[in-house]
Amino acid sequence: MRAMKEEASTKERKEVHWVSEENYMFRLSSLRPDLLQWLQTDPIHPSVFHRVVSHWLEEELPDLSVSRQRSCLTWGIPVPSDSSHVIYVWLDALVNYLTAAGYPDPNLAPWGPATHLLGKDILRFHAIYWPAFLIAAGLPPPQKLLVHSHWTCGGTKMSKSLKNVVDPAECIRRYTKDGLRYFLLRHGAAERDCDFTHNTVCTLLNSELADALGGLLNRCTASNINPMQHFPHYHHESVPTTTHDQLHSLLKNLQKLPAEVDHWIRKFQVNKALESIDANIRRSNSFFQSQAPWKLQKGVEKEACWKDSVLYLTLESLRLYATLLLPAVPELATVALDRLGVPPNKRTLKGNSFFAATRGESCSFQGQIFGPDRGLLFPRLERSKKNTVRI
């Protein structure tokens, strides 16, 4: 199809003038019903961006120019059967995704099931133009689009001119790879712009990795409270009557945690998954502190049994947390699992049970010897006088 298109030619400090050019057009308007039908499959996440696209599709879509005259644009792929025109910008660029996916070989990377990750500033191109191109070609549109917002720095958009661009290599040096990964996943939220400051990074990593997770691991593996350096046995009969409700609540939350994390991951909300893990780590810390196993008398049989039970519960909690954290902080989680003596074939959720002894079932970790002590899991970050951060 040929049509007349008017466009503005603009150059900095130059007079703006209108030009008219005959180009090939993609009949985008005819595919609006197909796009609305695709939108009903809930393909765009988070939902705030789904609503944006839905709003765009409430109105008629204009047809889209997909070529430029070679006299105006010398580079580009020639339009089939018309070498005087070249394919222009988005049709050319987006089709490169098919090339990378191995199209048309179906054995390499099926296109439909893919999840596409994109920034919110190119939402229209990926949520309207690209699905329309695929549908017009008889191919399935993307199954999911995961749209992310932007990072700001100190509340301001990052800019070279402002000299506020965050250097990821420097951040890795300051916070380690896992520290930076954890902050970005935990503090970031796809549906809104998020702010990066070194103070925020320091506060979050100290609170959640150094104190909550690392502190709990250090406390229950310390030789003064666990001289045998192993997973003690759990004793049902040792649970104090006054602790029944607290223990029941703790185990209930821990047993549903894997499903809760899976729920948030499937919704592409990793920050919520990590928030759930951190909330339970804090519950375990609170339980450990309230039971004060270091105060229980070794010579009193019931107290000694309850001390072993508290340590078993806390160590099993840590085994669960470290397993769940492996995708987010693989190096830290591996160090924690090594310290707990967890063998490689027991570092997944599949076919792996937790807290089995509390249900009267056999638990292979009772009596399990710890691995080597590598020191602090995540050393606290200290702020210097110049408001920088060091380890």
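Nothing here was measured: the structure is a model prediction, and the numbers come from that model. What you see below is based on every heavy atom in this structure, not just the backbone, and it leaves out hydrogens, waters and symmetry mates.
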Problem - Donor on one side chain, acceptor on other, Glu208 and Tyr182, under 3.5 Å - result: yes

Practice task
Would you check if the side chain of Asn271 reaches a backbone N or O of Ala189 as a donor-acceptor pair within less than 3.5 Å?
Solution key: no

Exercise for the section: Quick one: sort the Phe183 and His187 rings into parallel, tilted or perpendicular, breaks at 30° and 60°. Expected result: parallel

Exercise for the section: Show the numbers, then the answer: is there a side-chain contact (heavy atoms from CB on, under 4.5 Å) between Tyr88 and Val66? Expected result: CA-CA 5 Å; Tyr88 181 59; Val66 291; over 6 Å; no

Handout entry: Approximate separation, where rounding is to 0.5 Å, of Leu251 CG and Leu257 CG
Key = 12.5 Å

Handout entry: Side-chain (Ser353) to main-chain (Ala356) donor-acceptor, under 3.5 angstrom
Key = no

Fill in the blank from the handout: Here the gap from Thr334 atom OG1 to Arg339 atom CZ, rounded to the nearest 0.5 Å, amounts to 15.5 Å

Practice task
Report yes if the side chains of Leu91 and Leu64 come closer than 4.5 Å at any heavy-atom pair, otherwise no.
Solution key: no

Practice task
Indicate yes or no for a side-chain donor-acceptor contact from Glu316 to the backbone of Phe355 under 3.5 Å, with no hydrogens or angles considered.
Solution key: yes

Exercise for the section: Would you please say whether a donor-acceptor pair under 3.5 Å links the side chains of Thr74 and Arg68? Expected result: no

Problem - Heavy-atom side-chain proximity of Leu118 to His148 below 4.5 angstrom - result: no

Exercise for the section: Indicate the ring-plane relationship of Phe231 and Phe365, choosing parallel, tilted or perpendicular according to the 30° and 60° boundaries. Expected result: tilted

Practice task
Report the C-alpha separation of His233 and Tyr312 in whole Å, then their side-chain angles, then the decisive distance to 0.1 Å, and conclude whether the side-chain contact (heavy atoms from CB on, under 4.5 Å) test is met.
Solution key: CA-CA 6 Å; His233 283 68; Tyr312 169 82; over 6 Å; no

Practice task
Please examine the side chains of Trp306 and Leu296, heavy atoms only from C-beta on, and report whether any two atoms are closer than 4.5 Å.
Solution key: yes

Practice task
Fit a plane to each ring of His198 and Tyr175, take the angle between them on a 0 to 90° scale, and name the class: parallel (under 30°), tilted (30 to 60°) or perpendicular (over 60°).
Solution key: tilted

Practice task
Measure the CG-CG distance between Leu340 and Leu217 for me, rounded to the nearest 0.5 Å.
Solution key: 5.5 Å

Problem - Spatial distance of atom NE2 (His45) from atom CZ (Arg266) [nearest 0.5 Å] - result: 12.0 Å

Handout entry: Verdict with reasoning, Ser223 to Gln229, per side-chain hydrogen bond (donor to acceptor under 3.5 Å, both in side chains)
Key = CA-CA 7 Å; Ser223 57; Gln229 291 291 281; 5.4 Å; no

Exercise for the section: Find out if a path of hydrophobic residues (ILVMFWY) with successive side-chain heavy-atom gaps under 4.5 Å connects Leu377 to Phe370. Expected result: yes

Exercise for the section: Indicate yes or no for a side-chain donor-acceptor contact from Gln297 to the backbone of Ala304 under 3.5 Å, with no hydrogens or angles considered. Expected result: no

Completion exercise
In this structure, CZ of Phe378 is separated from CG of Leu332 (nearest 0.5 Å) by 6.5 Å

Exercise for the section: Please say whether more than 12 non-hydrogen atoms of neighbouring residues, nucleotides or ligands are located less than 6.0 Å from CD in Gln37. Expected result: no

Handout entry: Any side-chain heavy-atom pair of Leu213 and Leu325 under 4.5 Å
Key = yes

Handout entry: Transitive ILVMFWY side-chain link Phe125 to Trp38, under 4.5 Å
Key = yes

Handout entry: Student check: side-chain heavy atoms of Pro343 and Leu337 closer than 4.5 Å
Key = no

Handout entry: Test item: Arg380 and Cys202 side chains (from C-beta on) under 4.5 Å apart, heavy atoms
Key = no

Practice task
Go through the steps for Glu170 and Arg174 under the test salt bridge (charged side-chain N to carboxylate O under 4.0 Å, His left out), then give the verdict.
Solution key: CA-CA 6 Å; Glu170 173 64 15; Arg174 288 189 180 195; 3.3 Å; yes

Handout entry: Any side-chain heavy-atom pair of Tyr97 and Val95 under 4.5 Å
Key = no

Exercise for the section: Check whether any side-chain N or O of Thr203 sits under 3.5 Å from a backbone N or O of Thr200 as a donor-acceptor pair, and report yes or no. Expected result: no

Exercise for the section: Mark yes when over 12 heavy atoms from residues, nucleotides or ligands other than Glu301 sit less than 6.0 Å from its CD; otherwise mark no. Expected result: no

Exercise for the section: Ignoring hydrogens and angles, tell me if any N or O in the side chain of Asn164 forms a donor-acceptor pair with the backbone of Lys160 under 3.5 Å. Expected result: no

Practice task
Check whether any side-chain N or O of Asn226 sits under 3.5 Å from a backbone N or O of Ala222 as a donor-acceptor pair, and report yes or no.
Solution key: no

Practice task
For Arg283 and Leu250, indicate whether the former's side chain and the latter's backbone hold a donor-acceptor pair under 3.5 Å.
Solution key: no

Practice task
Return yes if some donor-acceptor pair links the side-chain N/O of Arg70 with the main-chain N/O of Ser83 below 3.5 Å, else return no.
Solution key: yes

Problem - side-chain contact (heavy atoms from CB on, under 4.5 Å) between Asp308 and His235, worked out - result: CA-CA 8 Å; Asp308 284 350; His235 305 275; 4.1 Å; yes

Exercise for the section: Answer yes or no: does atom NZ of Lys272 have more than 12 heavy-atom neighbours from other residues, nucleotides or ligands under 6.0 Å? Expected result: no

Exercise for the section: Answer with yes or no whether the hydrophobic clustering places Leu247 together with Leu318; edges join I, L, V, M, F, W, Y residues whose side-chain heavy atoms lie under 4.5 Å apart. Expected result: yes

Exercise for the section: Test Arg186 against Glu275 for side-chain contact (heavy atoms from CB on, under 4.5 Å), laying out the working first. Expected result: CA-CA 7 Å; Arg186 175 71 173 89; Glu275 181 181 336; 3.9 Å; yes

Fill in the blank from the handout: From the list Leu117, Ile44, Thr115, side-chain contact (heavy atoms from CB on, under 4.5 Å) partner of Leu145 resolves to Ile44

Practice task
Determine whether Met228 and Leu313 fall in the same hydrophobic cluster, where Ile, Leu, Val, Met, Phe, Trp and Tyr are linked whenever their side-chain heavy atoms lie under 4.5 Å apart.
Solution key: no

Exercise for the section: Verify whether one side chain among Asp82 and Tyr24 offers a donor that lies under 3.5 Å from an acceptor in the other. Expected result: yes

Handout entry: Donor-acceptor contact below 3.5 Å, side chain Asp193 vs main chain His150
Key = yes

Practice task
Give a yes/no verdict on a cation-pi contact between Arg219 and Phe288, requiring under 6.0 Å between NZ or CZ and the six-membered ring centre and an angle within 45° of the axis.
Solution key: no

Practice task
Could you tell me whether Arg347 and Asp338 have a side-chain N and a carboxylate O separated by less than 4.0 Å?
Solution key: yes

Practice task
Look at atom CG of Asp245 and say whether more than 12 heavy atoms of other residues, nucleotides or ligands are closer to it than 6.0 Å.
Solution key: no

Fill in the blank from the handout: Interatomic distance, CG@Asp178 vs CG@Leu185, rounded to 0.5 Å, equals 10.0 Å

Practice task
Name the orientation class of the two ring planes belonging to Phe26 and Phe133 (parallel below 30°, tilted from 30 to 60°, perpendicular beyond 60°).
Solution key: perpendicular

Exercise for the section: Begin from the C-alpha positions of Asp63 and Ser29 and carry the test side-chain hydrogen bond (donor to acceptor under 3.5 Å, both in side chains) through to its verdict. Expected result: CA-CA 6 Å; Asp63 291 338; Ser29 57; 2.7 Å; yes

Handout entry: Side chain to side chain, Val239 and His244, heavy atoms closer than 4.5 Å
Key = yes

Practice task
Following the transitive rule for hydrophobic clusters with a side-chain heavy-atom cut-off under 4.5 Å over Ile, Leu, Val, Met, Phe, Trp and Tyr, establish whether Val165 and Phe196 coincide in one cluster.
Solution key: yes

Practice task
Would you please classify the geometry between the Trp90 ring and the His126 ring as parallel, tilted or perpendicular, with 30° and 60° separating the classes?
Solution key: perpendicular

Practice task
May I ask you to check whether Thr314 and Ser284 show a side-chain donor-acceptor distance below 3.5 Å?
Solution key: no

